[in-house]
Amino acid sequence: MFDDKFFVDKLLRQPAAPLILQKVQARLDEEMQKREEFYNIITEDDKAEFINGEIVYQSPVVKEHNDATGLLYLLLRTFVNVAKEGFVGIEKILTKFTRNDYEPDVCYFNPAKARHFKKKQMIFPFPDLAVEVLSESKESLRRDKKIKYDDYEMHGVPEYWMVDPDEKTVEQYVLENGKYRLVLKASEGTIRSVAVEGFVIPIQAIFDEEANLAALRNILLNAPA
């Protein structure tokens, strides 16, 4: 959880605090205008995020990134559709936070949020489960492991997964008392979601098509009549 008191107290110890605040507010006003422009120029064809005052366009992904994203999305969406509980998005679902806007690779919204979504909606609230599939780019890794991690945690996103398609591992973070706790980092066994009740899959099903098909069959076999 963000310790705002620490930073406020530190700032107020500075004689130039009023001037610093004026400059910060001017920068934030400029950033807000830039963010509004971002909303006006992006289209369905773009994959872009707004992070700390800058528009970040996403580059094409390698096949293993695409495969992991698609396989996880297939399982999660099937499970949620069978249960008729919530909404699952992939790649271009723009989620709005206090300062930034992100497009998680896969995300889940609980039924209370999902029931208010509209057909033409392009901007969404923060999700209950956010999944980022890691790439080799140092800048992308910094965003996923630091900026997004901190922002998701601060805004109370209950669960965050970081999927590494190269190492074929998943890191699962769950929010506890306002802080993320690493509950799982593995390449074998199963992963059980906290935000999506009942969603339990083999980790290999995120990376292997045969394992994915078997997990998909299991979801459908155990679906309520």
Side-chain angles (χ1 to χ4, degrees), residues 1-13 17 21 24 28 31 49-53 56 68-69 72-73 75-77 79-80 83 85-90 93-117 123-134 140-164 167 169-203 205-206:
M1 182 179 292
F2 176 66
D3 186 0
D4 56 345
K5 186 178 184 301
F6 169 81
F7 288 99
V8 170
D9 288 347
K10 185 176 180 180
L11 174 61
L12 290 177
R13 286 196 292 269
L21 286 173
V24 169
L28 288 175
E31 184 178 301
E49 299 176 313
F50 190 86
I51 301 177
N52 293 347
V56 179
T69 302
L72 176 57
Y73 172 73
L75 292 173
L76 183 56
R77 183 178 181 185
F79 179 86
V80 170
E85 294 286 340
F87 172 75
V88 180
I90 183 171
I93 298 296
L94 189 68
T95 58
K96 184 174 184 177
F97 289 73
T98 300
R99 185 183 180 191
N100 299 325
D101 301 281
Y102 306 116
E103 291 187 335
D105 290 306
V106 179
C107 55
Y108 164 80
F109 301 87
N110 69 42
K113 293 177 184 175
R115 70 170 59 102
H116 299 292
F117 293 169
I123 301 175
F124 294 80
F126 56 82
D128 297 279
L129 167 64
V131 180
E132 299 291 352
V133 179
L134 305 179
S140 179
L141 285 172
R142 185 183 72 85
R143 289 194 295 266
D144 291 343
K145 293 190 172 186
K146 179 58 179 173
I147 297 175
K148 293 182 182 180
Y149 179 101
D150 290 345
D151 224 354
Y152 292 161
E153 181 183 75
M154 184 180 73
H155 284 84
V157 175
E159 190 171 2
Y160 180 33
W161 293 10
M162 283 189 273
V163 175
D164 188 331
E167 297 293 331
T169 60
V170 180
E171 294 180 36
Q172 179 189 22
Y173 295 88
V174 173
L175 200 68
E176 294 183 0
N177 299 317
K179 297 288 290 183
Y180 275 142
R181 180 173 72 89
L182 177 63
V183 297
L184 177 72
K185 181 177 181 179
S187 58
E188 301 179 330
T190 59
I191 183 167
R192 178 184 297 271
S193 175
V194 171
V196 190
E197 187 176 354
F199 184 63
V200 185
I201 58 169
I203 291 172
I206 302 172

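Only this structure's heavy atoms are used, side chains among them; waters, hydrogens and symmetry mates stay out. All residue numbers refer to positions in the sequence shown, counting from 1.
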Any chance you could measure [X], atom [atom1], to [Y], atom [atom2], to the nearest 0.5 Å?
{"X": "Asn100", "Y": "Glu31", "atom1": "CG", "atom2": "CD", "value": "7.0 Å"}
{"X": "Leu134", "Y": "Asp164", "atom1": "CG", "atom2": "CG", "value": "5.5 Å"}
{"X": "Ile191", "Y": "Glu171", "atom1": "CD1", "atom2": "CD", "value": "10.0 Å"}
{"X": "Ile93", "Y": "Glu103", "atom1": "CD1", "atom2": "CD", "value": "8.0 Å"}
{"X": "His155", "Y": "Thr98", "atom1": "NE2", "atom2": "OG1", "value": "2.5 Å"}
{"X": "Glu197", "Y": "Arg192", "atom1": "CD", "atom2": "CZ", "value": "10.0 Å"}

Looking only at heavy atoms, which two atoms of [X] and [Y] are closest? And how far apart?
{"X": "Tyr160", "Y": "Ala130", "answer": "CD1-O, 3.2 Å"}
{"X": "Ala186", "Y": "Leu184", "answer": "CB-CD1, 3.8 Å"}
{"X": "Pro125", "Y": "Phe117", "answer": "CD-CE2, 3.7 Å"}
{"X": "Ile201", "Y": "Leu75", "answer": "CD1-CD1, 4.0 Å"}
{"X": "Pro158", "Y": "Pro127", "answer": "CD-O, 4.0 Å"}
{"X": "Phe97", "Y": "Asp101", "answer": "N-OD1, 4.4 Å"}

*Report yes if the distance between the aromatic ring centroids of Tyr149 and Tyr173 is under 6.0 Å, otherwise no.*
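Yes, close enough.
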_Close aromatic pair by centroid cut-off 6.0 Å: Tyr102 and Phe126_ =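 They do not qualify: ring centres at least 6.0 Å apart.
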_Which residue is it: Thr69, Val163, Ile206? I am looking for the one with a side-chain contact (heavy atoms from CB on, under 4.5 Å) to Val131._
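With Val131 as partner, Thr69, Val163, Ile206 yield a single side-chain contact (heavy atoms from CB on, under 4.5 Å), made by Val163.
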*Quickly, which of Val194, Asn110, Val157, Val196 forms a side-chain contact (heavy atoms from CB on, under 4.5 Å) with Asp128? Name it, please.*
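In the set Val194, Asn110, Val157, Val196, the residue that makes a side-chain contact (heavy atoms from CB on, under 4.5 Å) with Asp128 is Asn110.
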*Can you tell me if Glu85 uses its side chain to pair, donor with acceptor, with the backbone of Phe79 under 3.5 Å?*
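It does not hold such a pair.
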*asked:* Taking Tyr180's backbone N and O only, do any of them form a donor-acceptor pair with Glu153's side chain (distance below 3.5 Å, no angle check)?
replied: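 The answer is yes, because a donor-acceptor pair under 3.5 Å joins these two groups.
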_With a 6.0 Å cut-off (strictly less than), is the heavy-atom count around CZ of Arg99, excluding the residue itself, greater than 12?_
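Count over threshold, so yes.
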_Greater than 12 external heavy atoms within 6.0 Å of Glu176's CD_ =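 Yes.
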_Using 30° and 60° as the class boundaries, would you call the ring planes of Phe124 and Phe109 parallel, tilted or perpendicular?_
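Tilted.
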*Side chains of Glu159 and Ser193: donor-acceptor distance under 3.5 Å anywhere?*
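Yes, a side-chain donor-acceptor pair sits under 3.5 Å.
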*Walk me through it: do Phe199 and Leu129 pass the test side-chain contact (heavy atoms from CB on, under 4.5 Å)?*
CA-CA 12 Å; Phe199 184 63; Leu129 167 64; 5.7 Å; no
*Run the salt-bridge test on Arg143 and Glu132 with the 4.0 Å N-O cut-off and return the result as yes or no.*
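No, no charged N to carboxylate O under 4.0 Å.
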*Residues Met154, Asp151; criterion side-chain contact (heavy atoms from CB on, under 4.5 Å); working and verdict*: CA-CA 5 Å; Met154 184 180 73; Asp151 224 354; 3.6 Å; yes
